Visitor: 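Input: one structure, supplied below.
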Number of protein chains: 4
Amino acid sequence: MSIMAPAADKKLTGLVAATFTPITSQGEINLSVIGPYIDYLKEKQGVNNVFVNGTTGESMSLSVEERKLLAEEWCRKAKGKMDQVIVHVGCLSLKDTQELAHHAAQIEADGIAVIAPSFFKPSSADVLRTFLQEVASAAPTLPFYYYHVPSVTGVNVNVRELIEGIEKVIPSFRGVKFTGSDLMDLGQCISYIPPHWSVLYGIDEQLLGALVMGVHGAVGSTYNYVGCHVNKLISAFETGDLVQARTIQFKIQELVSFAIKLGFDVGVNKQLMNELSGLDLGPPRLPVMTCPAARALAIKQKYDMRREQEPSELLDLGQQWAAETSLVGLEQL
Amino acid sequence: MSIMAPAADKKLTGLVAATFTPITSQGEINLSVIGPYIDYLKEKQGVNNVFVNGTTGESMSLSVEERKLLAEEWCRKAKGKMDQVIVHVGCLSLKDTQELAHHAAQIEADGIAVIAPSFFKPSSADVLRTFLQEVASAAPTLPFYYYHVPSVTGVNVNVRELIEGIEKVIPSFRGVKFTGSDLMDLGQCISYIPPHWSVLYGIDEQLLGALVMGVHGAVGSTYNYVGCHVNKLISAFETGDLVQARTIQFKIQELVSFAIKLGFDVGVNKQLMNELSGLDLGPPRLPVMTCPAARALAIKQKYDMRREQEPSELLDLGQQWAAETSLVGLEQL
Amino acid sequence: MSIMAPAADKKLTGLVAATFTPITSQGEINLSVIGPYIDYLKEKQGVNNVFVNGTTGESMSLSVEERKLLAEEWCRKAKGKMDQVIVHVGCLSLKDTQELAHHAAQIEADGIAVIAPSFFKPSSADVLRTFLQEVASAAPTLPFYYYHVPSVTGVNVNVRELIEGIEKVIPSFRGVKFTGSDLMDLGQCISYIPPHWSVLYGIDEQLLGALVMGVHGAVGSTYNYVGCHVNKLISAFETGDLVQARTIQFKIQELVSFAIKLGFDVGVNKQLMNELSGLDLGPPRLPVMTCPAARALAIKQKYDMRREQEPSELLDLGQQWAAETSLVGLEQL
Amino acid sequence: MSIMAPAADKKLTGLVAATFTPITSQGEINLSVIGPYIDYLKEKQGVNNVFVNGTTGESMSLSVEERKLLAEEWCRKAKGKMDQVIVHVGCLSLKDTQELAHHAAQIEADGIAVIAPSFFKPSSADVLRTFLQEVASAAPTLPFYYYHVPSVTGVNVNVRELIEGIEKVIPSFRGVKFTGSDLMDLGQCISYIPPHWSVLYGIDEQLLGALVMGVHGAVGSTYNYVGCHVNKLISAFETGDLVQARTIQFKIQELVSFAIKLGFDVGVNKQLMNELSGLDLGPPRLPVMTCPAARALAIKQKYDMRREQEPSELLDLGQQWAAETSLVGLEQL
C-alpha cells in the first residue's frame, strides 16, 4: 500500500503537519487563524493531516484551558477538510494529560498522541508503558500514538521494547511518532507492528532514510511549508526515482542545515512560516524567544533562491561537484 | 554571621526542608498531614524553613489548582511555627507560573522560587533572566529565588552570569537555590552577591564542600529526616571541629550512596520518609513509581544501624581503615 | 554506477570488512591467520575490501610496531585477492600517526584512514582539518579517508563543514567512513563530493537508510560474517526490491539488537566471529574483556535459527504481526 | 597531620604541579628547560612535587620514546630538589603502559599514575581494576596512583567501588588523583583509605571544597603559577582562617572563569605559563592549537591586576557587593 493512499480505514499515513499555535501580538492564543491555516495546508501544501498542540505548537507553554480551546477549534475547522486531526495531550502531570485526553474524545479528535514525561523521566520502558496506559484509560476508544522524541525529552527508551504487547494494556494503541535517529529501533518497530498501526517519522531532514525502512507517514514542522515538495519526494521514492527523491531531500537538508547554522528553534521556525505562508501566527512564547527578523528573512531567501542551472544538471549527481547547487531553491525543483 | 542565626531581617539561612507532598492512597493530595508534618520538622529535626512544591514535592506532577491548595495549607499551618515558607512556582508554562506567583503573594508566602523551564530550554543566561523577570512581575514584592538544578533541567547556565545585575530587572531577587556540583560557579555567586541575599546549597551529600565556600543555608529532601544531624554538622563546622563535621558528612554520604545503589528516586525517598517519620505521606504519582517496600526498609536499616564502636574510634580518621564504620548509623553519632 | 561495480578507477565501493586483529592465546599478534582470513572473506562472504587496524581491529590497544607488522601482512597477503586494503593509521599522537601513514605508503596500501584524536578533542572542524592535513603530508600520494565515529571519539564535527575545500589542503583526500546517525550531514556530504570520492557508511544495522541517501559502500565489523547477506541486501536495493532489502536489514537488526541486549562490544563481536568463521582470531586485549563463551553462543544461535515458515510469509510484511519472524535466522534468507 | 607536613614516610601530600612538557619551536621535546623549571617551581611557587607526562604534559601527544626521555630527565633533575616525582604512564595501549611503568621503576621515579583508558572504555570498576592491575604488575614495587578524570576520559566509575580491596590485587596502591566534582565519591574514598594512602584533588578552582572533605594534597596545572598563593590558601584553611582561604579561592576562581570565557585549554594554559614564569616551554602539539598571543596576555593581565582597595575591605565579605573585587589580582593577596 502506498503511504499516500487514502485512509479509508483511518490508518494514519502520508504527511502530517505539526502545527504552530497562532498567538496574538498581545500573547494570547488566536483561534481566528486556524480556519485559514487549514485551507493553506490543504491547498498550498497538499497536507491533509495535522498534529496539534505538539512541540511545534508550544503545548508545554500553554495552559490546560488554552490547549482545550485550541484542540476544539482545530477539530471543528478541520471537519470535512482534513483526513485526521491528532491532538497531542502530553503534559508533565498525568492528571492534566488525562483531562486533555478525555477532552479530545469529547471533541471527536481522530486520535491522541502522548510524549514521555520529561521532568521525572520514566526509568524503564515498563514505567513509561504504565504511564501511557493511565492516559489511554481516560479516552479508551481514541486511537493512541506514542510520541518518541528522545533528543527533547531525554527519555530514550527502546521503542520496540515499549510496544511489545502494548495492545494488551492499551487496546486503542495505533502507532508511534518516531522522532529519533536510531533506524535500528525504527526498523524493528516497523517489522513488529500489525498492519493497521502506523509508524510516522519525525526528523524531516532525513525522511528518505525512514521511507526506505518502511514508515507509513511523517509528522513534522517543516511540512507546514515544504509539504508540497515532500509529497513529490514521497511520490518519487514510491515510483523508484531515487535520483529525484534524493535531490529534493538534499535541498531540504541544505535549507535546514543553513537554518541550524543561524540558530533554528521553534521561534525561528514560526517566523519563517509567517514569512512563507502569509499567515499571521504571531510570536512564540517565552522561554522561546521571538526570532530576529533578519534571521527568518535570510532563511526564506535560501528557500526562494532562483535557479541558475538546467534541470538536467540538477539531477545528474555526477555533476554536482562542479555546479553550485545551493543556488537552486526548493521552489524550483 | 552564623548561618544558623535567627533571620531577623528575613534573610534565608540555615536548613530548609524540601517537603514531600502528602498524597492519599487514592492518589489525591492530602492536606491533613501538613500540620503534623510541620510539627515533626520543627520538633524532631530542628528544621524551621520549608521549600514546598519543589522537585521533592513532585510539583510537576500536580495541577495548578492542586499546587495552590497545597501552598495555601503550608502557609496557613506554618504561621508562627516556621521561619519561612518558600513556595516553588516554576512550571513549563510561563502563564501558569505567573498565576502561581501571584497566588503565593496573596497567601503571604515568605518567598517564591522558580526552576528553569526544561522542555524548551532557555538558550542563554539572558533568555532565562527574561523568563524569570516575567515571573517576578506577577509578584513584584515577594522575595524571589532562582532554583538551579542542571542535572534535572538540562539547563546549565552559569549562575554567576545569570545574576549579574539581576536586581535591576528583578528588584525582589534574593538568592539562589544552587543544586549543582560546580563549586567555582557557586563560589563566584557567593563572592558577588550583596549581604542580604542568600545562596543555599542543594546537594545534601556534599554540603560540607559548600559550607566552606560560604553558603548561607541548604535546601534538600534529606533534611526531612537527617536535619537534626546536619544541624550538628553545621555547628561543628562553625566551631571549627572539622573532624566531627566530616564524620557526620561521611555517614550521610554512606547512607545516600547505599540508597543510590539500590535505586534512589523521589518515590524511594518518600517511602523512606514515611518509615522514618511515622507520617503518612502516601505514594508518589506516576511517572514516579511507588517504592518496593523492601528497598525503603533496607535503607532505613542502614540509617538505624547500631554502633559497635567507641566514639573516640569513630572520630579518629586514622583508624577508620581497620574499623568497619558502616556499622554505625546516623542515629548514633 | 552500481555501488558494487568493479573499482576500475580504484574508487572505493561496495562492502569493506573492518577486520579483527588475530591475537594468540598468549596475547601476541598472530600474523599467521591473516592469509586464511582473507580467503574466508573473499570466498565465504564475497567481501573484497578490508579496513585494517581500525576500531574493530583494536588498533588503539596495539603498539606502533605491532600496527606496522599487521598492516604489512595484510597488504602482502591481500595482493591479487582483495580489491583494496585501507590501513587505519589514527592514534592520539600526531607523530605516531605520521609514522604509520608513511609506513602505509611504503607497504603499498591502497589508502589510509584517520580517526579524530579523542583525548584532546579538536575544538572545531578547522582544527581537525589541520590535524588531518599534517597526517596526509606524511603520505601525500596515498588516498586519504577521514573516519568519522562521534559516538566513540566524542568529536562531533560537522563532516560537510570539515570537507569543504579539503582537497586544497589534502589533495589525496578521497572520502569519509561515516559512522554516525546524522543522515542530514551524510546527505550533504554525498551531495557535495566529486564523483571520484567515496562516502562509506559505518552503522551496519541501518545501512539501508544510508544506501537510499546514495552512499558508495559500507565499512563494518559485521560484514565479516553477514557480508554475503548484505551483498544480497545491496543487490535487492539496487534492483528496486525494497521488500527483500528490508527483510534482510530487519533480520540483521534483530541479530544486532539481540546482541546489544546481551552486551555487545568488540570482545563479544570477536568471539562471535571465531564461532561463525571457524578462524582462530583469539581473545581481545584489555580493557576489552574476553567474551563469556555462553554469550557468543547465544548470539550464534540467533544467527543460525532454523526457519519455521514459508518464504512467502516472510516477505509479506503484512503478516509479520502474526508470525514470529524471530524464528528465522540470517542463513535462511 | 597537616597536609603540608614533610613526607617522611613518603606519603604524597601538599601541592603537586602537573607539569607542562617543554617543546622547541620545531616541535621537538626540549629537555634543557626541565632543570630551570624545577628550580622555578621550588623557589618561586614553593611547590615540591611534580606529576609529569599527565594531561597538562600532553602525554597522549607524545611517543613512548619521548615519554621515557622526559620522565628520565625529570627524575634526574629533581633529585635532591623535589620531594616526589610521579610519572604518569597511562596510554590507550596496555603494552605501552606496562613498558612505561617498567621504565619508571628503572629511573627511580617516586610513583606512577595511570589514567583510565578512554577509547575502549572499561565497562565497570572491575574491568578498570583488572587493567590497572596489569599495569602495576610491570612495576610492582612502585607506589601506584589511579588518575580519575571522568570529564576527559568519559570513564565515570565510582572510585570508592574501584578501590574496594584494591590493595589485594595491587599491593603497591597508594592513592588517587581525583579530578572530579562528585564530592560524595571523594568523601567516601577519604573515609575508606588507610592512613598511608593519599587522595589528591585535581580541580584547582574548587580545592577548598575538597580540603574540607579531608584531601591530603592537590595535583593541578595552575599550581605551576598560583602555587605560592594556594600554599597560603592551604595554610589559612589549616589555621581556621576561612575568610582568607575563601578570598584566595575566589580570586583563583575569578581568574579561571575569566580564562574559560576566553577559551581555556592546554595550549592557552601553556602560553599563560610561558608569560608568567618566564620559562620557554614552547607551543603545544596538535590537536591542541597554539594560543593566540592576545588571549594569554589578557589572562595574564587579569592575574596581575593592581589592587585599588584596602585589605580590610577585601576580607570583609559583606562589602564585596559594593567593591569591584575583580580589580584585585592574585599577586596582591
Side-chain angles (χ1 to χ4, degrees), chain B residues 1 158 160-161 167 180-197 201 203-215 237-243 245-247 249-258 260-261 316-326, chain D residues 1 158 160-161 167 180-197 201 203-215 237-243 245-247 249-258 260-261 316-326:
Chain B
M1 184 180 70
N158 186 274
R160 174 61 184 79
E161 193 183 337
E167 73 283 0
S181 58
D182 182 348
L183 299 189
M184 175 163 68
D185 192 15
L186 178 76
Q188 290 296 283
C189 288
I190 292 167
S191 144
Y192 172 75
I193 66 168
H196 60 298
W197 290 12
Y201 199 59
I203 305 186
D204 307 6
E205 57 272 27
Q206 56 182 59
L207 173 60
L208 188 53
L211 284 176
V212 80
M213 288 289 174
V215 294
F237 173 77
E238 294 197 334
T239 59
D241 185 353
L242 290 188
V243 171
R246 274 176 203 151
T247 302
Q249 183 71 91
F250 290 167
K251 294 309 297 181
I252 290 171
Q253 291 181 342
E254 203 177 309
L255 178 73
V256 171
S257 61
F258 179 79
I260 286 173
K261 263 177 219 150
D316 180 351
L317 288 169
Q319 297 188 25
Q320 286 197 4
W321 175 249
E324 179 42 281
T325 61
S326 69
Chain D
M1 184 181 68
N158 187 275
R160 173 62 184 78
E161 191 182 338
E167 72 283 0
S181 59
D182 182 350
L183 299 188
M184 175 161 70
D185 192 17
L186 178 76
Q188 291 296 284
C189 289
I190 292 167
S191 144
Y192 172 76
I193 66 168
H196 61 298
W197 290 12
Y201 199 59
I203 306 186
D204 309 4
E205 59 271 28
Q206 56 182 59
L207 172 60
L208 188 53
L211 284 176
V212 80
M213 288 289 174
V215 293
F237 173 78
E238 295 197 333
T239 59
D241 184 353
L242 291 188
V243 171
R246 272 175 206 152
T247 302
Q249 183 71 92
F250 290 167
K251 294 309 298 179
I252 289 171
Q253 291 181 341
E254 203 177 307
L255 179 72
V256 172
S257 61
F258 179 79
I260 287 173
K261 263 175 220 152
D316 180 351
L317 289 169
Q319 296 187 25
Q320 286 197 3
W321 175 251
E324 180 41 283
T325 61
S326 69

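Chain A is the first sequence line, chain B the second, and so forth, proteins listed ahead of strands; every chain is numbered from 1. Owing to the predicted nature of the structure, the values given are computational and were not obtained by experimental measurement.
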Visitor: For D:Leu183, does its backbone N or O pair with a side-chain atom of B:Gln253 as donor and acceptor, under 3.5 Å?
Guide: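 Confirmed, B:Gln253 side chain pairs with D:Leu183 backbone.
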Visitor: Quick one: what part of B:Asn158 sits under 4.5 Å from any heavy atom of chain D, side chain, backbone, both or neither?
Guide: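 Neither part.
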Visitor: Measure B:Gln249 against the heavy atoms of chain D and call it side chain, backbone, both or neither at under 4.5 Å.
Guide: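 Answer is side chain: those atoms of B:Gln249 sit under 4.5 Å from chain D.
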Visitor: Which one wins on heavy-atom pair count under 4.5 Å against chain D: B:Arg160, B:Glu161, B:Met184?
Guide: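 With the most close heavy-atom pairs to chain D, the winner is B:Met184.
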Visitor: For the atom pair CD (B:Glu205) and CG (D:Asp182), what is the distance rounded to the nearest 0.5 Å?
Guide: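 Reported value, rounded in 0.5 Å steps: 8.0 Å.
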Visitor: What is the distance from atom OG of B:Ser191 to atom CE of B:Met213, rounded to the nearest 0.5 Å?
Guide: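 CE of B:Met213 is found 11.5 Å from OG of B:Ser191.
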Visitor: Can you tell me which portion of B:Leu208 sits under 4.5 Å from chain D's heavy atoms? Options are side chain, backbone, both or neither.
Guide: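 Both backbone and side chain.
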Visitor: If we define contacts as heavy-atom pairs under 4.5 Å, which of B:Gly240, B:Ala245, B:Ala210, B:Gly187 has the most with chain D?
Guide: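 Greatest number of close heavy-atom pairs with chain D: B:Gly187.
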Visitor: Does the side chain of B:Leu211 come within less than 4.5 Å of B:Tyr201's, by heavy atoms?
Guide: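 No; the side chains remain at least 4.5 Å from each other.
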Visitor: Which value, rounded to the nearest 0.5 Å, describes the distance between B:Gln188 atom CD and D:Ser257 atom OG?
Guide: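 Rounded to the nearest 0.5 Å, the CD-OG separation comes to 4.5 Å.
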